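Every value quoted in this text rests on a predicted model; they were computed, and no experiment measured them. In the text below, chain A, chain B and the rest are named by the order of the sequence lines, each starting its count at 1.
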Protein chains: 2
Amino acid sequence: MAKEASYKDKKVITIGIVRELTGLSERQIRYYEERKLIFPERTSGGSRKYSFADIELLMEIAEKIEDGVQTYEIRQEMKKKNADATKLRNKMIQGQLNAQFGTRKR
Amino acid sequence: MAKEASYKDKKVITIGIVRELTGLSERQIRYYEERKLIFPERTSGGSRKYSFADIELLMEIAEKIEDGVQTYEIRQEMKKKNADATKLRNKMIQGQLNAQFGTRKR
DNA sequence: CGTGTAAGGAATTCTGACACG
DNA sequence: CGTGTAAGGAATTCTGACACG
């Protein structure tokens with residue numbers, strides 16, 4: 001859906017560097033993955049690879065957890081955000097189509 | 001001199017990933033460093049860390065070497081390019097100063 | 001629930017050197 | 001000159017589990 005997958009979204013950062021960049025422990029980083037909040041890729045050898053976007057997301061997650069939000073709730077928020085974004089995207093595509101071909105009732 | 005050191009210039013990629021991304025061998029990547037063509041940072045443990053900019057530079061280097069250019073020559077080219085960029089930058093700053101305070105002879 | 005930790009193993013990376021040419 | 005490789009060691013990462021609360 002996205003196009004070039006620029007620097008920000010390329011999964012190229014190992015967990016040790018992520019630890020340094022976020023200040024989180026590896027345990028925390030892995031746990032958030034277990035709770036489906038973050039989705040690193042893997043090298044052929046099995047090591048996790050993260051993107052800069054992942055790092056930013058991790059910091060947001062950590063902040064919420066400090067505020068007492070549970071991982072389950074954070075997951076719900078993320079689901080909702082994705083659903084809304086999809087809806088908006090579809091609405092815009094529909095708008096484009098209507099503009100080009102005219103609005104049609106049924 | 002640069003400002004935010006955005007994603008592209010942040011040294012966060014380990015050599016294994018660089019190998020995958022560039023298709024070069026680790027031997028080659030380390031050798032180009034030995035020849036002062038590339039300057040990775042290091043983790044506390046001593047592992048090399050590269051940026052996306054480094055990766056692009058590595059691919060340019062590899063191309064030149066395939067064309068028969070020697071590392072020494074590549075190094076000279078890079079030096080020249082840096083010198084030219086610095087000159088241009090200084091010229092522009094000088095222009096700014098002149099525009100604000102007027103041109104002064106001595 | 002979220003995180004620390006010790007455990008054992010596997011994958012990763014490092015350096016210095018020999019080889020070829 | 002540029003690169004491959006075997007060598008030995010050190011740093012990194014992985015998983016599953018026990019602990020606390």
Point to revise | Side-chain donor or acceptor of A:Thr86 paired with backbone N/O of A:Asn82 under 3.5 Å | key: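 The answer is yes, because a donor-acceptor pair under 3.5 Å joins these two groups.
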Review point. Can you tell me if A:Glu56 uses its side chain to pair, donor with acceptor, with the backbone of A:Ala53 under 3.5 Å?
Key: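 No; judged by distance alone, with no hydrogens or angles, the pair does not exist.
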Check your understanding: Nearest to the side chain of A:Ser47, which nucleotide is it out of D:dT3, D:dC14, C:dT13?
Key ->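 The answer is D:dC14.
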Hey, does the side chain of [X] come within less than 4.0 Å of [N]'s phosphate (OP1/OP2), counting only N and O?
| X | N | result |
| --- | --- | --- |
| A:Tyr32 | C:dG2 | no |
| A:Tyr31 | C:dG2 | yes |
| B:Ser25 | D:dG4 | yes |

**Study point:** Non-hydrogen side-chain atoms of B:Leu21 and B:Val18 separated by less than 4.5 Å
**Key:**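 No, too far: nothing below the 4.5 Å cut-off.
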Check your understanding: Would you call A:Glu33 and A:Pro40 a side-chain contact if the rule is heavy atoms closer than 4.5 Å?
Key ->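 SC-SC contact between A:Glu33 and A:Pro40 confirmed.
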Check your understanding: Near DNA chain C, under 4.0 Å by heavy atom, which residues of residues 52-80 of chain B?
Key ->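 The answer is none.
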Point to revise | Near-strand residues of residues 12-19 of chain B, defined as heavy-atom separation under 4.0 angstrom from DNA chain C | key: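 When residues 12-19 of chain B is checked for heavy atoms under 4.0 Å from DNA chain C, the hits, listed by number, are B:Thr14, B:Ile15, B:Gly16.
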Interatomic distance where [atom1] belongs to [X] and [atom2] belongs to [N] [whole Å]:
| X | N | atom1 | atom2 | result |
| --- | --- | --- | --- | --- |
| A:Ile38 | C:dG2 | CD1 | P | 15 Å |
| B:Glu33 | C:dC14 | CD | C1' | 11 Å |
| B:Glu41 | C:dC14 | CD | P | 14 Å |
| B:Lys49 | C:dT12 | NZ | C1' | 16 Å |
| A:Glu20 | D:dT13 | CD | C1' | 14 Å |

List every contact pair, protein side and nucleotides 15-19 of chain C side both N or O, where the distance is under 3.5 Å.
residue : atom : partner : partner atom : Å
C:dT15  : OP1  : B:Arg42 : NH1          : 3.1
C:dT15  : OP1  : B:Arg42 : NH2          : 3.1
C:dT15  : OP2  : B:Arg48 : NH2          : 2.3

Roughly how far, to the nearest 0.5 Å, is the [atom2] atom of [Y] from the [atom1] atom of [X]?
| X | Y | atom1 | atom2 | result |
| --- | --- | --- | --- | --- |
| A:Ile29 | A:Leu37 | CD1 | CG | 13.0 Å |
| A:Glu60 | A:Thr22 | CD | OG1 | 13.0 Å |
| A:Leu57 | A:Ile38 | CG | CD1 | 4.0 Å |
| A:Asn98 | A:Ile93 | CG | CD1 | 12.0 Å |
| A:Met92 | A:Gln94 | CE | CD | 12.5 Å |

**Study point:** Residue that, paired with A:Asp54, satisfies side-chain hydrogen bond (donor to acceptor under 3.5 Å, both in side chains) out of A:Lys49, A:Lys11, A:Arg48
**Key:**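 Of all the options given, the one that passes is A:Lys11.
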Exercise for review: Write out all pairs satisfying ring-ring contact (aromatic ring centres under 6.0 Å, His included) with one or both partners inside residues 39-63 of chain A, taking only residues at least two apart or from two chains.
Suggested key: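 Only A:Phe52-B:Tyr7 qualify under ring-ring contact (aromatic ring centres under 6.0 Å, His included).
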Could you tabulate the donor-acceptor pairs under 3.5 Å formed by side-chain atoms of residues 69-77 of chain A, not counting sequence neighbours?
residue : atom : partner : partner atom : Å
A:Thr71 : OG1  : A:Arg35 : NH1          : 2.8
A:Glu73 : OE1  : A:Gln70 : N            : 2.8
A:Glu77 : OE1  : A:Lys64 : NZ           : 2.9

Review point. Going by an N to O cut-off under 4.0 Å, is there a salt bridge joining A:Glu34 and A:Arg30?
Key: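 The answer is no: the pair does not qualify as a salt bridge.
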Check your understanding: Pairs counted as Watson-Crick or G-U wobble with both distances under 3.5 Å: what dot-bracket string results for DNA chain D, using | for bases tied to another strand?
Key -> .||||.||.|.|.||.||||.
Check your understanding: Starting at the 5' end of DNA chain D, which residue's closest nucleotide do you reach first, B:Glu26 or B:Thr43?
Key ->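 Checking each residue's closest nucleotide, the 5'-ward one belongs to B:Glu26.
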Practice item. Specify the closest pair of heavy atoms between A:Ser51 and A:Ile13, including all atoms of both residues, with the distance to one decimal. Key: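 Taking every non-hydrogen atom into account, C-CD1, 4.2 Å.
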